[in-house]
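Both backbone and side-chain heavy atoms feed into the values below; hydrogens, waters and symmetry mates do not.
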Amino acid sequence: MARPDELTFAPLGGVGEIGMNLSIYGLGNRHQRAWLAVDLGVSFGDEEHLPGIDLIMPDIRFLEKERKNLVGLVLTHAHEDHFGAIIDLWPKLQCKIYATKFSAALFEAKCAAERNAPKIPVTVVPSGGRIDLGPFNVEFIPVAHSIPESHALAIHTSAGTVLHTGDWKIDPTPIIGLPTDERRLRELGDTGVLALIGDSTNAVREGRSPSETEVAATITKLVKAAKGRVAVTTFASNVARLKAVADAARAADREVVVVGRAMERVVQVARETGHLDGVQNFRGADLYGHFPPDKVLALCTGSQGEPRAALARIANDDHPQVTLNRGDSVIFSSRTIPGNEKAVGAIINGLVSQGIEVITDRTDLVHVSGHPRRDELRDMISWVRPQLLIPVHGEALHLSEHAKLARAAGVPKVLICRNGDLVKLGPGDPGIIDELPSGRLYKDGSILEDSKSRAVVERRKLAFAGCAFVAIAITEKGELVDDPEVDLVGIPEKNAAGEVIDEIVFDAVVSTVEGLPRARRRDPDAMAESVRRAVRATINEHWGKKPLCVVHVLTV
């Protein structure tokens, strides 16, 4: 019989993958548990495999079912992969949300920019503060990361304390915000930590992540040396980087022009919350052309190659206010997220072909990760000394490497789990005790679709092999009233021998209809299925691909 104070953990997103983070903690017995949710993020669609899908979100049907037992949703920080799904999914949960000041303000700005966003109240918690949510006491411990006010969460319960690290790194000299609170983490270790649920993003990289201060020094040197106009692109949410760019511009006697809505939004929120105190005012894109080339710096969105973001439009020379010419410079102060390499490469190649100098982290220290490398992971383990470590936030390789490192560092128990696994943390031996419903939801335009939805599956087929539409009119006796209509979309006009595929398909439709037994010809559904099979087989024979095929049979 499960004890009433059994503490459990289940990732519903963010394990075995990068992004889409959602973790839940349960306290109680298997008949009645209180649940605490941590983060609710997105990952981004891949046009090749998921055409038309913008965002991917965790399937929350388990939490919907447990809604009355859900004591709250706590946010570690305001990156999209940790809070980007809230607007779409919160109406299904209607739970209270808790975040620190900057995260709450950025979320409010995001809601204001979204059409028809629901009214979602957020309770602001001070950095370092503690809140009671049902049987959980949650403590916000400051950690360094690439966005202001990132926090690890110490979740204190009657069954023990869990440290949920969120995204973090060790940076003794962050440009904005507090360094990772080593003193508090050591104190937790002294009082005893049952489990560490830890960020694995950089678990394959040796050494330590460099400091934001080192990046700032490099950017200042590059901006001072530049002769023409300078554009810098980075993640809009990296306020420390925005400050570093602003300081570099001031040192080089340049005005900063902000280009792109996401950048404008973050700058406004950062100023309102005091994170850009003492930083000069930025100018709007409409003033860009008023400054001489050596007196302006454009701070742009679009570091991931987004086609409608500022940098892509500048590179294509279709931005209404901002242009770059031969001899100007663009600094990519970012890393390319896996999957975006082609889009970023296209922009870089476009800029280089125009004679614009492009500077990336391949040659200069213009970007550092916000995640811990292996030496930092060892430090965290030595401070916290957990009885159990569970790697999260990473693909299979990252989780495996983090687990190996933890075992080598002397952690008594290490457990790798997958999305949907319900893990007993304590008391007693930890282990996977159940599997919860989990999966993915796709944001398709304004609709949320299940990952098995017909639209998504069919669109993938359409993107690969096109579609054949056939319309047939028959009499009640099954005779053709007129020639069938055939329309091929996304299918080559001619085969390798130069024969017209439309005509080949038309002949196949007619011969199939005329070759059917009389009983099947009087059954519109049977006729449609026979024609569909024949059309797909014929096109496959002449092209090597089977398209979708839609057949309409009309009885007149």
Donor-acceptor pair, side chain of T336 and main chain of E341, under 3.5 angstrom: no
Heavy-atom closest contact (A154 atom, I141 atom, distance): CB-CD1, 3.8 Å
Heavy-atom side-chain proximity of L448 to L89 below 4.5 angstrom: yes
Residue pair D5 / S158, side-chain donor-acceptor N/O under 3.5 Å: no
Cation-pi, F332 ring and R362 (6.0 angstrom, 45 degrees): no
4.5 Å side-chain heavy-atom contact, L311 and S303: no
Side chain S237, main chain H79, donor-acceptor under 3.5 Å: no
Under 3.5 Å donor-acceptor, E376 side chain and S209 backbone: yes
Where M20 and E17 come nearest, the two heavy atoms and their spacing: CE-OE2, 3.3 Å
Heavy-atom pair of closest approach, residues G14 and N419: N-OD1, 3.7 Å
Euclidean distance, D199 CG relative to D167 CG, rounded to 0.5 Å: 5.0 Å
Side-chain touch P58/L40, heavy atoms, less than 4.5 angstrom: yes
Ion pair R67/E64, N-O distance below 4.0 Å: no
Check: Q304 side chain, R335 main-chain N or O, donor-acceptor pair, under 3.5 Å: yes
Stepwise salt bridge (charged side-chain N to carboxylate O under 4.0 Å, His left out) check, R261 with E264: CA-CA 5 Å; R261 280 198 298 271; E264 289 166 4; over 6 Å; no
Min side-chain heavy-atom separation N281-R271 under 4.5 Å: yes
Basic-acidic side-chain contact under 4.0 Å: R385, D190: yes
Plane angle bin for H82 and H393 - parallel if under 30°, tilted between 30 and 60°, otherwise perpendicular: perpendicular
Test item: N238 side-chain N/O and F235 main-chain N/O as donor-acceptor pair under 3.5 Å: no
Residue of the set T360, L222, V245, T234 for which side-chain contact (heavy atoms from CB on, under 4.5 Å) holds with I331: L222
Exam field: side chain T201 to backbone H371, donor-acceptor pair closer than 3.5 Å: no
Check: T273 side chain, V269 main-chain N or O, donor-acceptor pair, under 3.5 Å: yes
Side chain to side chain, M380 and L163, heavy atoms closer than 4.5 Å: yes
CD (E395) with more than 12 external heavy atoms under 6.0 Å: yes
Member of F62, F9, F136 meeting the ring-ring contact (aromatic ring centres under 6.0 Å, His included) criterion with W35: F62
Separation of H145 NE2 from T180 OG1 (nearest 0.5 Å): 10.5 Å
Residue pair S334 / R241: nearest heavy atoms and the distance that separates them: N-NH1, 4.4 Å
Neighbour count >12 (heavy atoms, 6.0 Å) for atom CZ, R186: yes
CG-CG distance between L7 and L425, expressed to the nearest 0.5 angstrom: 4.5 Å
E66 bridged to R33 by N-O distance under 4.0 Å: no
Nearest-0.5 Å distance, CG of residue L63 to CG of residue L22: 6.0 Å
Minimum side-chain heavy-atom gap D429-K413 below 4.5 Å: yes
L188 vs R184 side-chain heavy atoms within contact, under 4.5 Å: yes
H77 to D39 - nearest heavy-atom pair and separation: N-OD1, 4.3 Å
Minimum side-chain heavy-atom gap K110-F83 below 4.5 Å: yes
Rounded distance (nearest 0.5 Å) linking atom NZ of K169 with atom OG of S211: 6.5 Å
Q268 and E272 side chains, donor-acceptor separation under 3.5 Å: yes
Separation of L36 CG from H164 NE2 (nearest 0.5 Å): 9.5 Å
Whether over 12 other heavy atoms sit under 6.0 Å from R130 CZ: yes
Exercise: do S438 and D59 side chains pair donor with acceptor under 3.5 Å: no
For P11 against C417, the heavy-atom pair lying closest together: CG-SG, 3.8 Å
